[in-house]
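Scroll down for the structure; my scribbles are underneath it.
Keep in mind that this is a model prediction, so the values were computed, not measured.
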Amino acid sequence: MSSYLSARLDIASTLDSGQTFGWQKSGEWYIGVISGLPIKIRKADIGIEYECPEGQSELASAELNTYFRLSDNLDEIYKTIGRDKLVNSAIESYNGMRITYQDPWECLMSFICSSNSNIQNIHKMVQRLSRAFGQKRFLGDSELWALPTSKELAAATEQDLRDLRLGFRAKYLYSSAQLVSSGDLNLNDLRTSPYEHAREILTSLDGVGNKIADCVMLFSIGKLEAFPIDRWIKRCLTDEYKLKSNSSYELLSGWARDYFGRYAGYAQQYMFHHYRTSNRIAGKKVAL
DNA sequence: GTGAGGCCTTCAGC
DNA sequence: AGCTGAAGGCCTC
């Protein structure tokens, strides 16, 4: 049975812009698991259409509202970050793209996998992890797997993770799974910590540097000022904003927070998706 | 503090 | 077919 949610949400750009790696596409539907609840969504005339297990419609609606941060005021955000032609053009192209509010462990797991990889491959790694250690769910005639919890993944050995073709990331994911599942690190607590403190905790994890920490903080901890800088964003900052290419991560992200303000993370996501998509379409090959 | 090299695996391009 | 380079980085030296 279908339900509808009136919301300003561009599902495609939100879920295809490298924030999440657990959703599966089936035709125009996106299928995933939020807080253990299997759910599928697609674009509707006004807002979105969704399906979920019977009797869970209201719960699903609340979960979607949280996951896609639908309470964020996009007009205010656009006004704040819309400092120049580049960002405004990205906003125009992807109006309705949201920053997600994922489960912090799922987000950390995904971005540990992202290291020196590409979006397509990250999806596959997360999918293999889910099938091997996550719980199977059903929704209508589709079956899907939730991402493994830290406890579920803690049962895996480092070799298990290597066998899932995670490569050098296996060691990092293994140690984080142990730390989080044991309760020695409570990622959810970071949601009430200041940005700087959360950054220190996250970068203390093996295999987590500034970039991955910023991704986790932006996409799951609720730090909208986090401004992850990967090779694309760095190219954008040096080519379009004329910042020096030998600038440190610290300097570049500090500049971005000053320039874009407290919603710098939104600016980053629009820039990233826009810059990457337009370069891909143009077929440009650029070495950083 | 800063920089070069190596790393697992996959995939596109030649 | 086999090779090369790159992919939303990070660690070691």
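Using a 3.5 Å distance cut-off with no hydrogens or angles, the side chains of A:Glu225 and A:Tyr263 do not pair a donor with an acceptor.
If you look at A:Tyr50 and A:Tyr4, their ring centroids are not closer than 6.0 Å. Ring to ring, A:Phe219 and A:Tyr101 are not that close: their centroids are 6.0 angstrom or more apart. Proximity of the aromatic rings of A:Tyr78 and A:Tyr270 is defined here by a centroid distance below 6.0 angstrom, and this criterion is met. Between A:Phe227 and A:Trp255, the ring centre distance reaches or exceeds 6.0 Å.
We find that A:Asp72 and A:Arg69 are joined by a salt bridge, their nearest charged nitrogen and carboxylate oxygen being less than 4.0 Å apart. Salt-bridge formation is detected for the pair A:Arg199/A:Glu196: a Lys NZ or Arg NE/NH1/NH2 atom is positioned less than 4.0 Å from an Asp or Glu carboxylate oxygen. Salt bridge A:Glu158/A:Lys171: absent, no basic N to carboxylate O contact under 4.0 Å.
Residue A:Lys211 places no side-chain atom within donor-acceptor reach of the base of C:dG9, judged by atom type and a 3.5 Å distance cut-off alone.
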What are the atom names and distances for every N/O pair under 3.5 Å that joins the protein to nucleotides 8-10 of chain B?
| unit_1 | atom_1 | unit_2 | atom_2 | d |
| --- | --- | --- | --- | --- |
| B:dC8 | O4' | A:Phe168 | N | 3.3 |
| B:dC8 | O2 | A:Arg169 | NH1 | 2.6 |
| B:dC8 | O2 | A:Arg169 | NH2 | 3.3 |
| B:dC8 | N3 | A:Arg169 | NH2 | 3.1 |
| B:dC8 | N4 | A:Asn116 | ND2 | 2.9 |
| B:dT10 | OP1 | A:Arg165 | NE | 3.4 |
| B:dT10 | OP1 | A:Arg165 | NH1 | 2.7 |

List, with names and distances, any nitrogen or oxygen atoms from the protein found under 3.5 Å away from nitrogen or oxygen atoms belonging to nucleotides 11-13 of chain C.
| unit_1 | atom_1 | unit_2 | atom_2 | d |
| --- | --- | --- | --- | --- |
| C:dC11 | OP1 | A:Gly207 | N | 2.9 |

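Counting to the nearest Å, the P atom of B:dG1 and the CG atom of A:Asn210 are 12 Å from each other. The nearest whole Å value for the distance from the CG atom in A:Leu237 to the C1' atom in C:dG8 is 13 Å. If you take CD1 of A:Ile233 and C1' of C:dG9, they are 15 Å apart, rounded to a whole angstrom. We find that CZ of A:Phe21 is positioned 15 Å from P of C:dA7, with the value rounded to whole Å. B:dA12 atom C1' lies 16 Å from atom CD1 of A:Ile119, rounded to whole Å. Atom pair A:Ile122:CD1 and C:dA6:C1' shows a separation of 13 Å (rounding to whole Å applied). A:Leu251 places its CG atom 14 Å from the P atom of B:dG1, with the value rounded to the nearest Å.
Counting only distance, with no hydrogens or angles, the side chain of A:Gln269 and the backbone of A:Ser17 share a donor-acceptor pair below 3.5 Å.
A gap of 23 Å separates the P atoms of B:dT10 and C:dC11, to the nearest Å.
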Original post:
Would you write out the dot-bracket form of DNA chain B, 5' to 3', with Watson-Crick and G-U pairs under 3.5 Å, [ ] for crossing pairs, | for pairs to other strands and . for unpaired bases?
Top reply: ..|||||.||||||
